[in-house]
2 protein chains.
Amino acid sequence: MDAQLKRGLLDVCVLAAIKGEDSYGYRIIKDLKPYIALSESTLYTVLKRLENAGMLTVRTAEHDGRLRKYYRITDVGLRRLEDFKNEWKEVISIYQYVAEGGA
Amino acid sequence: MDAQLKRGLLDVCVLAAIKGEDSYGYRIIKDLKPYIALSESTLYTVLKRLENAGMLTVRTAEHDGRLRKYYRITDVGLRRLEDFKNEWKEVISIYQYVAEGGA
DNA sequence: CATAATACTTCGTGATACGATGTATTATGT
DNA sequence: ACATAATACATCGTATCACGAAGTATTATG
C-alpha cells in the first residue's frame, strides 16, 4: 500500500500487535503481515520510537538459547490506541469528502 | 490531527478539492479547512508535487487585476482518486485490526 | 490609514519508511 | 555433511515530506 498512508498506521499497528500479549520483533512482523507489510529496519525504528515515547517497555529473555526482546504495551500505549480510535472519525469524514467528489 | 495520518490524505484531498471545478491556492485551503487543516507552504508543496506527477495542470489567469494560478485535475489525477478508493479497503481492514484489539 | 484578507513563494528543519548490509544462531533439505 | 532458509536483532544512508517562518504584493475593511 501507499507509503504515505502507512505512516499514520504503523505505530498503532505495532501497539495493537503487542496489546493482547507481549511479543518480539520477528513475530510482530509476521502477525502484521496480513494487514500491513513492514521491513525489519522499519519495525525496529518504530519500536525504538514507541519505547522513547513510553508506550511500551522492553525486556530481554532467553528462548531456546537465543535472546529475544519482548515488548509490552504500557498505559500510555493503551491510551494512544484509544486516541487513535477517536481520531478515526476525522479520517472517515476526510475519506467521504474525497470519495464523494470533493467540493 | 496527527501529522503522520495526514500524509496519506493530503494529496487526495487537494485532488478532490479541484475535481469538480478548477481552483486556486487560497481557495483550496479554505475549502479543505472543515476537513483537514494545511498551511500555505504545505499546500504549495503538494500542488508542485501533483503537477510533477502529471495529476494536475496549472494556468495563470487574471482576476480583479491580480494573478491567480488555477489548478485543473488531469486523467492521471482522476485515476489517483480511484486508486485511493480501492486502497481504502486495506485501510479499513487495518483499522479494524487496531480497533478490535489486535492479535 | 492601519489592519486584515487575499495570493503566491522560498528556505530550513525534523520526522521517518525503507533498502542495504551486517552479525549470529537454529532448522531443513538433499 | 553441507548449503540454504528461517529466525532475530541492529545500524547507516537516503529520499520524502509537513510545516513554521519569513518575504512580496495587492485589495478590502473598519
Side-chain angles (χ1 to χ4, degrees), chain A residues 1-15 17-18 22-33 35-53 55-71 80 87 90-91 94, chain B residues 1-15 17-18 22-33 35-53 55-71 80 87 90-91 94:
Chain A
M1 74 176 292
D2 178 62
Q4 303 312 316
L5 250 184
K6 215 168 171 175
R7 280 178 106 102
L9 303 170
L10 261 183
D11 286 26
V12 285
C13 279
V14 172
L15 286 175
I18 63 170
D22 294 5
S23 191
Y24 55 93
Y26 222 72
R27 184 173 150 202
I28 294 171
I29 289 177
K30 283 205 296 186
D31 286 346
L32 290 180
K33 197 159 229 165
Y35 305 98
I36 196 165
L38 75 170
S39 65
E40 291 178 66
S41 56
T42 299
L43 176 65
Y44 289 110
T45 310
V46 172
L47 287 170
K48 198 76 206 150
R49 179 165 63 240
L50 293 175
E51 189 192 350
N52 291 337
M55 295 188 187
L56 53 77
T57 54
V58 197
R59 138 181 79 90
T60 303
E62 203 178 303
H63 178 83
D64 285 338
R66 191 187 312 196
L67 286 180
R68 268 187 192 159
K69 292 178 89 170
Y70 284 91
Y71 300 89
R80 174 74 185 92
E87 250 181 358
E90 284 178 64
V91 174
I94 292 172
Chain B
M1 76 175 290
D2 178 62
Q4 303 311 315
L5 249 183
K6 217 168 172 174
R7 277 178 106 104
L9 303 170
L10 262 182
D11 286 25
V12 285
C13 279
V14 172
L15 286 175
I18 63 170
D22 293 5
S23 191
Y24 55 93
Y26 222 73
R27 184 174 151 201
I28 294 171
I29 289 177
K30 283 205 296 186
D31 286 346
L32 289 181
K33 196 160 232 164
Y35 305 99
I36 195 166
L38 75 170
S39 65
E40 290 177 68
S41 57
T42 300
L43 175 65
Y44 290 109
T45 310
V46 172
L47 286 169
K48 198 74 206 154
R49 178 165 65 239
L50 293 174
E51 189 192 350
N52 290 338
M55 295 190 187
L56 52 78
T57 55
V58 196
R59 135 183 81 91
T60 303
E62 202 178 302
H63 178 83
D64 287 338
R66 192 187 312 196
L67 286 180
R68 267 189 193 157
K69 293 179 87 168
Y70 284 91
Y71 300 91
R80 174 74 184 91
E87 251 182 355
E90 284 178 63
V91 174
I94 292 172

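First the proteins, then the strands, lettered A, B, ... as listed; each starts at 1.
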* No-hydrogen, no-angle side-chain donor-acceptor test under 3.5 Å, Y70(A) and R59(A) -> no
* Flag, side chain of E87(A) to backbone of M1(B), donor-acceptor distance under 3.5 Å -> no
* Return the value, rounded to whole Å, for the distance between atom CG of L43(A) and atom P of dC9(D). => 9 Å
* To do: Determine, for nucleotides 18-23 of chain D in 5'-to-3' order, which nucleotides have protein heavy atoms under 4.0 Å from the base (write B), from only the sugar-phosphate (write S), or from neither (write -).
  => SBBB--
* To do: Drop me the distance from L32(A)'s CG to L10(A)'s CG, to the nearest 0.5 angstrom.
  => 8.5 Å
* Structure fact -> Rounded to whole Å, the NZ-C1' distance (K69(A) to dA10(D)) equals 9 Å
* Asked: Can you find a side-chain donor-acceptor pair between T42(A) and S39(A) that sits under 3.5 Å?
  -> yes
* Roughly how far, to the nearest 0.5 Å, is OH of Y71(B) from CG of D22(B)? -> 11.5 Å
* **Value in whole Å for how far the C1' atom of dC17(D) lies from CG of L9(B)** => 14 Å
* Dot-bracket for DNA chain D: what is it, with Watson-Crick or G-U pairs under 3.5 Å, [ ] where a pair crosses earlier ones, and | for a pair to another strand? -> ||||||||||||||||||||||||||||||
* Length of the line joining L67(A):CG and dA10(D):P, which is rounded to integer Å -> 10 Å
* Taking 4.0 angstrom as the limit, do R49(A) and D11(A) come out as a salt bridge? -> yes
* Rounding to a whole Å, what distance do you find between Y24(A):OH and dA10(D):P? -> 15 Å
* Asked: Run the salt bridge (charged side-chain N to carboxylate O under 4.0 Å, His left out) check on D31(B) and R27(B) step by step: do they pass?
  -> CA-CA 6 Å; D31(B) 286 346; R27(B) 184 174 151 201; 3.4 Å; yes
* Distance (rounded to the nearest 0.5 Å) between I28(B) CD1 and L15(B) CG -> 9.5 Å
* Asked: Under 4.0 angstrom, heavy atoms only, what part of the nucleic acid is R68(B) near: base, sugar-phosphate, or nothing?
  -> sugar-phosphate
* Interatomic spacing from NZ in K30(A) to NZ in K33(A) - rounded to 0.5 Å -> 9.0 Å
* OP1 or OP2 of dT7(D) less than 4.0 angstrom from a side-chain nitrogen or oxygen of K30(A), does that happen here? -> yes
* Let me know the distance between CG of D31(A) and C1' of dT7(D), rounded to the nearest Å. => 14 Å
* Could you tell me whether the side chain of K6(A) and the main chain of A37(A) form a donor-acceptor pair under 3.5 Å? => yes
* To do: Output, in order, the C-alpha distance, side-chain angles, deciding distance and verdict of side chain to side chain contact (heavy atoms under 4.5 Å, CB included) for E40(B) and Y26(B).
  => CA-CA 8 Å; E40(B) 290 177 68; Y26(B) 222 73; 4.2 Å; yes
* Could you give the CG-to-P distance, from N52(B) to dC17(D), as a whole number of Å? -> 11 Å
* At the 4.0 Å heavy-atom cut-off to chain A, mark where contacts on DNA chain C begin and end, going 5' to 3'. => dT16(C) to dT26(C)
